[in-house]
Number of protein chains: 2
Amino acid sequence: MLTDRQIQVLQVIIDEFIHTAQPIGSRAIAKKEQISFSPATIRNEMADLEDLGFIEKTHTSSGRVPSERGYRFYVDHLLSPFLLSNQEMSVIAQTFEKEIIEFEKVVQKSARVLSDMTNYTSIILGPEVFKTTLKQIQIISLSDQAAVAILVTNTGHVEHRYFTVPSTMQASDLEKLVNILNKRLAGVPIIQLQEKLYGEVAQLLQKYSNDFETTYTYLKAALLEKKPVKLYMDGKTNILLQPEFNDIEKIQSLYSVMEKEDKMANILRSTSKGIKVSIGQENELDEMQDCSLITASYTLGGEQMGTVALLGPKRMEYSRVISLLNVLSTRLSKTFNTWY
Amino acid sequence: MLTDRQIQVLQVIIDEFIHTAQPIGSRAIAKKEQISFSPATIRNEMADLEDLGFIEKTHTSSGRVPSERGYRFYVDHLLSPFLLSNQEMSVIAQTFEKEIIEFEKVVQKSARVLSDMTNYTSIILGPEVFKTTLKQIQIISLSDQAAVAILVTNTGHVEHRYFTVPSTMQASDLEKLVNILNKRLAGVPIIQLQEKLYGEVAQLLQKYSNDFETTYTYLKAALLEKKPVKLYMDGKTNILLQPEFNDIEKIQSLYSVMEKEDKMANILRSTSKGIKVSIGQENELDEMQDCSLITASYTLGGEQMGTVALLGPKRMEYSRVISLLNVLSTRLSKTFNTWY
DNA sequence: TGTTAGCACTCCTAAACCTCGAGTGCTAAA
DNA sequence: TTTAGCACTCGAGGTTTAGGAGTGCTAACA
């Protein structure tokens, strides 16, 4: 469909535009080493490329700028694998080398590394709790009316929920309750918790006192309450460095959408395995139409647990970013799998 | 020092500028109801006010704008208590009315309410953990090499720390350890934890096995590791609405300082009891020299536990913001004290 | 037939230039 | 002491201009 020469020209335009953010003219292209034909020829090719929708002019007599279609073609066909430098690799390695047994910290650090290395905004979706299983429940009473239930999952994730307790409920009863719950629920996938809590456990508890029953009701409600998935972002201000975001309105709209963590989480969650690139209008959210979002998933035992992503201008360093995300998501998976 | 008339003029200038963000001219002032003298007179007074440093010109023939000294005088002497509307009060009430026993949620909601009602950025410093006492410790082993210690404080705050365990350590031993710790540490102020852990508890544990010793070393390290204080911010994008922040550079520098949570936490922590107003250059951080920061502390049992703050342009609605912060911090204190 | 030099043309950018009006300070009269 | 009057200042915003980067087209060339 595209001639070799057209592809060559397109490649130069996009490569160049990614670095300069300026429209590229025929003369500039001709000066490139790999190009061996004259500006006039290039102008002809560019006219064709424009007709085909791969590049655009910003005004009648301007140089060319990649269109979204152009970026798409570039991402699909023109990317050569980017070799990260030793220095870069060692920075990443450092993130994982320390003896940390806390996944949250590793994720936080990863987010930091990603945004620092790219000058884009990094977003990491924490491990999906509902794919883990329950390890243990603990209940600690805080006063004669309140207690906190603490859940620990097989991935070492700790979560706590507060609930009310009838003041007549004994401490020993609470203990009994905990024992029953642990016996019945240990090893149960979090996603099946609801069913279990309403099913066999409820039945089992019926023979106990009234207090028991009301406590259980509160506890159940607390346990089933969905916690929003954790979203780790870093380098939000990096967007301000991009020349395409020199407009307060754009920043405003992008920032306001980034504040809606549930929306962002949904987008990251709905990605398939591996790397995915969304360019401009391909993004679900209108507010992200001037951006590209590149996502990579990390896994536990082959199952997708979370997502690592970078958000930047459409003019992203696709090749480099993809390599980085690849490395980081694999390392995250690896650490995750070693631990659990 | 200032004549009544000068004060009148100053008040009008600041009140007006707070709402319009535009320099105020003598004619505009003369039109105000409470003003009964001519523009020419006002011009004379303004010249004096400028000499005294309370107002400034943006250029030779412009209207006047309050100086930081002017704001300071305004805040110290010209503020009349702002009466919040019934509607506003009921919005605040709603934040506290629901049966939530989770302090974190109340704080989050408060931050949201504050930023929504003011269009400024709200910052709340969570309760200081080191002022609470330890309620209970639990240890849950995750694998044969890792375990998680869970601390619950008297304020219901739950925290967890991961640590490594020698693989030869028995589950029953861990239980024994927990029992000893609970017996010795329940009720101990978190701030004294270190001392206790190194002192009597260490001694007590010496008679046990080698494994015990190493486990304890890891655990101790994990427990003493300082967690950063939680900072809740909301309405970060509100700053973009302020006309004084129409400059990407300013936004950039302000946002980057907001991302440094530890710095912000320090500033909020170091405030004294009650309301404090920092205007422009009075702020510690250079990046905040175009802002005003108003802070109010909330307490538990008379002791300062955390801080509620609003960050906006120097041209803040001081009166209203102060009232709001007063109401919110008292309500936070009240809820906090009822619970614990 | 594909490539290239030449050239007229377009349109943006940045600077220079106006114009208008809001606001001032000063002076002199009330 | 207050105020009206007036000349003066300066910025905001619009218009003009010059320069240059880049294009498309045509015609010559390999």
Side-chain angles (χ1 to χ4, degrees), chain A residues 1-10 12-17 19-67 70 243-244 246-248, chain B residues 2-10 12-17 19-67 70 243-244 246-247:
Chain A
M1 174 171 174
L2 288 187
T3 68
D4 280 0
R5 202 165 60 187
Q6 284 172 339
I7 290 181
Q8 246 187 89
V9 170
L10 182 58
V12 170
I13 291 178
I14 301 188
D15 281 341
E16 204 63 10
F17 187 72
H19 288 108
T20 62
Q22 298 294 328
I24 321 296
S26 53
R27 233 177 79 86
I29 297 175
K31 274 189 194 146
K32 285 269 139 188
E33 272 185 14
Q34 66 263 47
I35 299 292
S36 53
F37 22 90
S38 76
T41 314
I42 293 169
R43 281 202 290 281
N44 289 329
E45 298 294 12
M46 290 206 288
D48 290 349
L49 282 171
E50 186 171 2
D51 287 343
L52 293 167
F54 291 99
I55 53 179
E56 290 166 352
K57 281 191 276 197
T58 60
H59 58 86
T60 18
S61 72
S62 78
R64 301 309 210 288
V65 155
S67 68
E244 33 267 277
N246 56 0
D247 172 8
I248 307 256
Chain B
L2 289 188
T3 67
D4 281 358
R5 204 164 60 187
Q6 283 172 339
I7 289 181
Q8 244 186 88
V9 170
L10 182 58
V12 170
I13 291 177
I14 300 188
D15 281 340
E16 204 62 11
F17 187 71
H19 288 108
T20 63
Q22 297 295 329
I24 321 295
S26 54
R27 233 177 79 87
I29 297 175
K31 274 191 192 143
K32 285 269 139 188
E33 272 186 11
Q34 65 264 47
I35 300 292
S36 51
F37 24 90
S38 77
T41 315
I42 293 168
R43 280 203 289 281
N44 289 328
E45 297 293 13
M46 290 206 290
D48 290 349
L49 282 171
E50 186 171 2
D51 287 344
L52 293 168
F54 291 99
I55 54 179
E56 290 166 351
K57 281 191 276 198
T58 61
H59 58 87
T60 16
S61 72
S62 77
R64 301 310 209 290
V65 154
S67 69
E244 33 268 276
N246 55 0
D247 172 9

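In what follows, chains carry the letters A, B, and so on, assigned in the order in which the sequence lines appear, proteins first and then strands, with residues in each chain numbered from 1.
- The side-chain hydrogen bond (donor to acceptor under 3.5 Å, both in side chains) test applied to A:Thr20 returns no partner, not counting sequence neighbours.
- Considering only side-chain N and O atoms, B:Arg64 lies nowhere under 4.0 angstrom from the phosphate OP1 or OP2 of C:dG23.
- Side-chain contact between B:Phe54 and B:Leu2 is present, with heavy atoms from C-beta onward closer than 4.5 Å.
- Legend: residues meeting side-chain hydrogen bond (donor to acceptor under 3.5 Å, both in side chains) with A:Ser38, ordered by chain and number and at least two apart, are A:Thr41.
- Remark: C1' of D:dC25 and CD of A:Glu50 are 15 Å apart, rounded to the nearest angstrom.
- Rounded to a whole Å, the CD atom of A:Glu56 is 17 Å from the C1' atom of D:dG22.
- Contact detail for A:Glu244 and A:Ala21: the closest heavy-atom pair is OE2-CB, 4.5 Å.
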Report, one line per pair, each donor and acceptor closer than 3.5 Å where one atom sits in a side chain of residues 22-35 of chain B; sequence neighbours left out.
from: B:Ser26; atom 1: OG; to: B:Arg43; atom 2: NH1; distance (Å): 3.2
from: B:Lys32; atom 1: NZ; to: B:Glu16; atom 2: OE1; distance (Å): 3.3

Test log, rule side-chain contact (heavy atoms from CB on, under 4.5 Å), inputs A:Phe37 and A:Val9
CA-CA 10 Å; A:Phe37 22 90; A:Val9 170; 4.3 Å; yes
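- The distance between atom CD1 of A:Ile42 and atom P of D:dG22, rounded to the nearest whole Å, is 12 Å.
- Considering every non-hydrogen atom in both B:Ile14 and B:Gly70, the closest pair reads CD1-O, 3.5 Å.
- One can place CG of A:Leu49 at 17 Å from P of D:dG22, the figure rounded to the nearest angstrom.
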Applying side-chain contact (heavy atoms from CB on, under 4.5 Å), run through B:Lys57 and B:Arg64 and close with a yes or a no.
CA-CA 5 Å; B:Lys57 281 191 276 198; B:Arg64 301 310 209 290; 3.3 Å; yes
Using atom names, set out every protein N or O paired with an N or O of nucleotides 27-30 of chain D below 3.5 Å, distance rounded to 0.1 Å.
none

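- Summarising the geometry of A:Gly53 relative to A:Ser67, their closest heavy-atom pair is O-OG, 2.6 Å, with the distance given to 0.1 Å.
- For A:Asp4, the CG atom is loosely surrounded, since the number of other residues' heavy atoms within 6.0 Å does not exceed 12.
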Reading nucleotides 1-11 of chain D from the 5' end, what letters show protein touch, with B for base, S for backbone sugar-phosphate only, - for no heavy atom under 4.0 Å?
-SBBB---BBS
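- Within residues 19-32 of chain B, the residues that place at least one heavy atom under 4.0 Å from DNA chain C are, in residue-number order, B:Gly25, B:Ser26.
- Scanning all heavy atoms of the two residues, the minimum distance from B:Gln6 to B:Asp48 falls at NE2-CB, 3.4 Å.
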